[in-house]
Amino acid sequence: MANALQAIRGMNDILPEQSFVWQFAEDTIRAVVEAYGFREIRMPVVEKTELFKRSIGEVTDIVEKEMYTFDDRNGDSLTLRPEGTAGCARACIQHGLTNKQAQRLWYTGPMFRHERPQKGRYRQFYQVGVEVFGLEGPDVDAELLMLTARLWRRLGLDRLSLQVNSLGTSEARERYRTELVAYLKTVYEQLDADSQRRLETNPLRILDSKNMQVQALLEQAPRLADYIDEKSQAHFETLCALLDDAGVDYDINPHLVRGLDYYSRTVFEWVTDRLGAQGTVCAGGRFDGLVEQLGGRSTPAVGFAMGLERLVAVLEEIHPDATETSADLYLVLMGEAASRAGLVLSEQIRAALPQVEVITHCGGGGMKAQFKGADRSGARYALVLGDEELETGTVMLKPLRTGEQQSAIARDELIETLTARLAC
């Protein structure tokens, strides 16, 4: 095994014993977002690099340091998508979706960023994104936050807190940026190296620095809230009132800015204390200028993304003993004739009882070996078929997890018996 190939660092395999938790999360997310009227959209994993430079911002950490970018054989610069909103907006523009009625869209899939792998942060990671195009009021912002609160309840998650803030318009934010930079330059020598670098590129990101010394300096800095335009302030106040009406708890975090250039007005994060430093499970906000920035019509928009790795990690911490659902039936087949008949029988059961999980033993082997396979599968019952059962038109039903007695079941009564035993 010393010379065996392994997965690329930060790009992980999801093994069968882990995938059922992912499936539970994905199925629950799909059910909740579709209950709110969202339709699925699927975008390419690879986009033109220019898309992310124009949307995320050329001086962001993602574009400067983290994107997987390469030239294809035609000399075009392409990038593995580091996030989904830009591609979703591009697809809406390309196919004219933003020219019609409002769009409620969701997507899921892998994203790619070249950063230091750690718990909850990988180089290939999976996200679910939910985006609304064409609605500008705070009511849709509030509905998205109500949707996520409902999702946490459906998943059985606790200890998630909501932080919200308003960035105002891009013009208001630029005025604030000028004043913030002027202040930070007066304390430049006291800033850490990361904040000094951001001061030249993306100074608003200094607001969410995790360095306590920097946070202490920010106590005397100009406040973003003092520069918010009246319309954005009214938007934010209505959003907070709607959350109050709905009973959704939140904290206003004046330092919450998010890391992408396209955000405006509402920004938010759902944060947990279960994952250490990587505590953000779901985040998003408004990006009213993005569609126009990418060449489309001026279109208000709002959305969020959640990292599935972090969501799964929280689920696994809450339910550490959770195990994959076991099979219902395992067919033990003795002899060539029984093996052939067993494949047909298993298909008949699946057709009649589509919700029942059936494993048919393949590859031959004696009865002892086959029963070991049945036990490893976790199946509730074994169906034994051999020459005697073929001759009598029966199947032996053997309970594997209880003290019930095994019994011979007539083939024409099997579906009815299984329906009763498995409570189908």
Side-chain angles (χ1 to χ4, degrees), residues 12-32 34 40 108 126 154-156 308 311-312 315-316 318-424:
N12 302 325
D13 300 308
I14 300 170
L15 303 179
E17 57 266 27
Q18 302 168 307
S19 62
F20 78 99
V21 182
W22 286 72
Q23 292 164 0
F24 167 68
E26 291 163 348
D27 291 346
T28 304
I29 292 168
R30 177 184 292 273
V32 170
E34 291 185 349
E40 185 179 10
T108 185
Y126 291 82
R154 288 283 296 273
L155 291 170
L308 285 177
L311 197 59
V312 166
L315 288 169
E316 289 176 335
I318 294 174
H319 306 291
D321 299 323
T323 57
E324 185 173 5
T325 302
S326 301
D328 296 299
L329 303 173
Y330 192 101
L331 268 66
V332 174
L333 308 172
M334 302 306 301
E336 182 177 345
S339 294
R340 294 176 59 183
L343 288 172
V344 175
L345 176 60
S346 62
E347 288 300 294
Q348 292 172 342
I349 295 171
R350 293 184 184 107
L353 305 173
Q355 69 273 44
V356 172
E357 182 177 335
V358 182
I359 298 177
T360 305
H361 184 87
C362 297
M367 182 173 291
K368 184 177 180 180
Q370 292 195 42
F371 269 106
K372 282 186 177 180
D375 186 60
R376 285 194 299 269
S377 76
R380 296 167 60 186
Y381 293 93
L383 289 179
V384 183
L385 189 63
D387 291 340
E388 182 178 343
E389 287 75 22
L390 288 175
E391 185 175 336
T392 59
T394 61
V395 179
M396 187 66 68
L397 180 64
K398 181 178 177 59
L400 299 176
R401 309 296 162 195
T402 67
E404 301 171 76
Q405 295 296 312
Q406 66 182 27
S407 55
I409 309 297
R411 288 281 293 272
D412 58 3
E413 298 176 359
L414 180 60
I415 299 301
E416 181 180 353
T417 301
L418 292 176
T419 300
R421 293 288 187 96
L422 297 172
C424 297

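Values below: all heavy atoms of this structure, side chains included; hydrogens, waters and symmetry mates excluded.
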To check you understand the geometry: which heavy-atom pair defines the closest contact between [X] and [Y], and what is its length?
X      : Y      : answer
Leu400 : Ala374 : CD1-CB, 3.9 Å
Pro354 : Ala351 : CD-O, 3.9 Å
Ala338 : Leu333 : O-CD2, 3.8 Å
Leu331 : Gln370 : O-OE1, 4.3 Å
Leu329 : Ala379 : C-CB, 4.1 Å
Leu390 : Ala341 : CD2-CB, 3.7 Å

Do the side chain of Arg411 and the main chain of Val395 share a donor and acceptor less than 3.5 angstrom apart?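 Side chain of Arg411 to backbone of Val395, a donor-acceptor pair under 3.5 Å: no, none is there.
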Is a side-chain donor or acceptor of Glu416 paired with a backbone partner of Glu413 at a separation under 3.5 angstrom?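 Absent.
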Partners passing side-chain hydrogen bond (donor to acceptor under 3.5 Å, both in side chains) against Asp387 (at least two apart in sequence or in another chain):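 Residues passing side-chain hydrogen bond (donor to acceptor under 3.5 Å, both in side chains) with Asp387: none at all.
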Could you go through the side chain to side chain contact (heavy atoms under 4.5 Å, CB included) check for Arg380 and Arg421 one step at a time? CA-CA 10 Å; Arg380 296 167 60 186; Arg421 293 288 187 96; over 6 Å; no
Listed partners of Arg350 passing salt bridge (Lys or Arg N to Asp or Glu O under 4.0 Å), at least two apart: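 Applying salt bridge (Lys or Arg N to Asp or Glu O under 4.0 Å) to Arg350 gives Glu347.
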Within the 4.5 Å heavy-atom criterion, are Leu418 and Leu353 side-chain neighbours or not?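 In short, these two side chains touch, coming nearer than 4.5 Å.
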Non-hydrogen side-chain atoms of Lys372 and Arg376 separated by less than 4.5 Å: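 Lys372 reaches Arg376 side chain to side chain.
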Step-by-step side chain to side chain contact (heavy atoms under 4.5 Å, CB included) determination, Val312 to Tyr126: CA-CA 11 Å; Val312 166; Tyr126 291 82; over 6 Å; no
According to ring pair (Phe, Tyr, Trp, His ring centres under 6.0 Å), who are the partners of Tyr381, at least two apart in sequence or on a separate chain?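 Scan of Tyr381 (ring pair (Phe, Tyr, Trp, His ring centres under 6.0 Å), adjacent residues dropped) gives none.
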Quick check for you: to the nearest 0.5 Å, what is the distance between [X] atom [atom1] and [Y] atom [atom2]?
X      : Y      : atom1 : atom2 : result
Leu414 : Ile349 : CG    : CD1   : 5.0 Å
Lys398 : Tyr330 : NZ    : OH    : 15.0 Å
Leu311 : Ile29  : CG    : CD1   : 5.5 Å
Met334 : Glu389 : CE    : CD    : 10.0 Å
Gln348 : Ile415 : CD    : CD1   : 7.5 Å
Glu357 : Leu422 : CD    : CG    : 11.5 Å

Just do the side chain to side chain contact (heavy atoms under 4.5 Å, CB included) check on Leu383 and Ile409 with the steps written out, would you? CA-CA 10 Å; Leu383 289 179; Ile409 309 297; over 6 Å; no
Is the CZ atom of Arg340 crowded by more than 12 outside heavy atoms at less than 6.0 Å?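 Incorrect, the count does not exceed 12.
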For the CD atom on Glu34, are there more than 12 heavy atoms of other groups (residues, nucleotides or ligands in this structure) within a distance under 6.0 Å?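 Yes, the 6.0 Å shell around CD holds more than 12 heavy atoms from other groups.
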